[in-house]
Amino acid sequence: MLQSTTKPQRKSINTSIDAQLIKDAKASGINLSRAAEAGIAKAIASEKTRRWQEENFEAIVSSNAYVERNGLPLATRPLF
């Protein structure tokens, strides 16, 4: 995959984080901004997945029921 050559725009924010977490992160050499960014990105992806599954629940149930009754549509069948 090609990576973009432009850097994402950064925005400073104020946030409160458990003091022990900050201490442990600094002792481990963890970049707090990058770790927070990665955690937020993961939370966003998780929420998008949850919402997609919720919005498509009926279709997923229907598809699973079809496969249980008929097997996978493109599965190879024995020739004999």
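Just so you know, these numbers use all the heavy atoms, side chains as well, and skip hydrogens, waters and symmetry mates. The residues of the chain are indexed from 1 along the displayed sequence.
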Checklist entry - From Ile13 CD1 over to Ser33 OG, what is the distance, rounded to the nearest 0.5 angstrom? => result 8.5 Å
Next on the checklist: Let me confirm one number: the CG-CD distance from Asn31 to Glu37, rounded to the nearest 0.5 Å.
Outcome noted: 9.0 Å
Checklist entry - Do Lys48 and Ile44 come close enough that some side-chain heavy atom pair is under 4.5 Å? => result yes
Next on the checklist: Under the criterion salt bridge (charged side-chain N to carboxylate O under 4.0 Å, His left out), I'd like the reasoning laid out for Glu55 against Arg50: C-alpha separation, chi angles, the key distance, then a yes or no.
Outcome noted: CA-CA 9 Å; Glu55 291 167 3; Arg50 187 197 68 75; over 6 Å; no
Checklist entry - At what distance, to the nearest 0.5 angstrom, does CH2 of Trp52 lie from CD1 of Ile60? => result 4.0 Å
Next on the checklist: If hydrophobic residues (ILVMFWY) are linked whenever their side-chain heavy atoms come closer than 4.5 Å, directly or via other members, who joins Leu32 in its cluster?
Outcome noted: Ile17, Leu21, Ile22
Checklist entry - Under 3.5 Å, is there a donor-acceptor pair linking the side chains of Asp24 and Gln20? => result yes
Next on the checklist: Given 3.5 Å as the limit, does a donor-acceptor pair link the side chain of Ser63 with the main chain of Ala59, or not?
Outcome noted: no
Next on the checklist: Tell me if the CD atom of Glu58 is crowded by more than 12 foreign heavy atoms within 6.0 Å.
Outcome noted: no
